[in-house]
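The structure appears right after this line, and notes come after that.
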There are 2 protein chains.
Amino acid sequence: MAERIAGPEIERLIQLLARLPGLGPRSARRAALHLLRKREELLGPLADAMQVAREKIVVCSACGNIDSCDPCTLCRDERRNPKLLVVVETVADLWALERAKAVSARYHVLGGTLSPLDGIGPKDLNLVNLPERVASGQIEEVILAVNATVDGQTTAHYITELLNHLPVRITRLAHGVPVGGELDYLDEGTLAAAMRSRTDF
Amino acid sequence: MAERIAGPEIERLIQLLARLPGLGPRSARRAALHLLRKREELLGPLADAMQVAREKIVVCSACGNIDSCDPCTLCRDERRNPKLLVVVETVADLWALERAKAVSARYHVLGGTLSPLDGIGPKDLNLVNLPERVASGQIEEVILAVNATVDGQTTAHYITELLNHLPVRITRLAHGVPVGGELDYLDEGTLAAAMRSRTDF
């Protein structure tokens with residue numbers, strides 16, 4: 001953007017908006033103009049909501065989820081099955097499972113995956129207190145809901161060893177054909193896994 | 001999004017982010033998580049920048065541009081040619097022309113186009129003071145830099161009649177082949193216009 005078109009305040013707003021995932025320089029300009037047109041309905045409320053989030057949102061010390069209270073709403077929810085613990089990589093994955101109403105359980109958010117190439121080791125993740133958490137509670141099954149990527153699977157193996165000495169069942173999500181998916185578009189690994197894990201019809 | 005996953009503060013942030021152009025529900029969730037991860041580097045500064053924009057940014061009473069001062073930086077800029085006035089539909093169009101360094105002139109931002117079907121008439125646009133502005137200044141040429149759409153051209157014709165009685169030259173942007181464009185992908189109207197307006201090589 002050329003210098004001094006619209007004053008430093010708007011420039012700064014555009015630059016910061018452009019750092020959001022999904023927005024580039026052009027869409028950040030569009031977003032800034034949209035915000036300035038909808039000052040009372042959108043710009044003001046969004047500024048306030050960000051301020052509230054900045055001040056109130058904390059990381060749950062029990063599970064690593066983010067919420068305005070610690071322990072988080074999910075950890076406090078007495079209706080959830082206390083025997084199940086779902087290990088996820090990120091809060092986004094936790095939200096995805098919750099949207100799918102996939103399971104009634106508590107979570108453990110790692111905050112990433114082990115990645116030796118990127119220099120991410122066990123201490124960089126929310127892993128240290130996992131054995132203690134599993135040992136101290138009523139947990140009977142740990143479900144490894146990590147991504148089916150190399151790093152995700154590496155992390156899953158590491159956790160399996162970490163919990164080896166504890167009397168819990170360790171499971172992982174099933175591999176298979178996505179619901180609504182077409183075989184022709186699936187990779188060989190998924191097809192082979194789906195064939196291996198075939199079930200009675 | 002299912003109820004009570006992550007507390008009302010995060011839900012509200014996501015809902016407001018989803019109202020930005022270019023962000024849907026899914027990318028708004030990603031943006032919210034990104035903001036909460038980068039609390040000090042991004043969430044805080046962006047909340048502040050929005051607050052500043054909300055309080056400081058005003059519409060220029062002379063041209064309809066937005067800036068933190070009134071008259072705006074462009075209207076105050078003495079180095080611009082006072083004989084040229086460029087009429088644009090939106091601030092986004094003004095920014096596009098400024099980025100292209102297309103002209104050294106003052107602007108007049110309409111805030112939209114005439115659109116009888118949508119009930120947008122002359123009074124809904126920044127049109128009323130245009131004849132007065134053109135008559136009172138040193139303006140010798142009014143450049144209609146409106147979009148080459150039906151509504152844009154309707155608006156251009158309306159402005160031409162509005163300024164009919166004033167001793168100014170009224171021009172419009174040239175039609176033609178976009179720089180870098182391929183003839184094979186251009187519509188017939190553009191090709192015919194480019195042929196009619198051909199220039200010596």
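Letters A, B, ... mirror the listed sequences (proteins, then strands); counts begin at 1.
- A side chain to side chain contact (heavy atoms under 4.5 Å, CB included) with A:Pro131 is found for one member of A:Leu163, A:Ile159, A:Asn164 and no other, namely A:Leu163.
- Using a distance-only test at 3.5 Å, with no hydrogens or angles considered, no donor-acceptor pair links the side chain of A:Asn65 to the main chain of A:Cys60.
- In this structure a side-chain-to-backbone donor-acceptor pair under 3.5 Å is present from A:Asn81 to A:Lys83.
- Between A:Leu130 and A:Leu85, some side-chain heavy-atom pair lies under the 4.5 Å cut-off.
- At most 12 non-hydrogen atoms from other residues, nucleotides or ligands lie less than 6.0 angstrom from CZ of B:Arg169.
- Counting heavy-atom pairs closer than 4.5 Å to chain A, the top-ranked of the candidates B:Leu17, B:Asp77, B:Thr90, B:Ile10 is B:Ile10.
- Using modelled atom types, one finds no donor on one side chain facing an acceptor on the other under 3.5 Å when comparing B:Asp151 with B:Thr154.
- Chain A forms more heavy-atom pairs under 4.5 Å with one residue of B:Leu23, B:Val91, B:Val59, B:Ile57 than with any other, namely B:Ile57.
- Between chain B and the residues A:Gly22, A:Ser68, A:Gly24, A:Cys72, the most heavy-atom pairs under 4.5 angstrom are made by A:Ser68.
- Shown are A:Val86, A:Val88, A:Leu97; of these, the side chain to side chain contact (heavy atoms under 4.5 Å, CB included) with A:Ile143 is made only by A:Val86.
- Contacts of residues 30-56 of chain A with chain B at a heavy-atom distance below 4.5 Å involve A:Arg30, A:Ala31, A:Leu33, A:His34, A:Leu35, A:Leu36, A:Arg39, A:Glu41, A:Leu42, A:Leu43, A:Gly44, A:Pro45, A:Leu46, A:Ala47, A:Asp48, A:Ala49, A:Met50, A:Gln51, A:Val52, A:Ala53, A:Arg54, A:Lys56, listed in sequence order.
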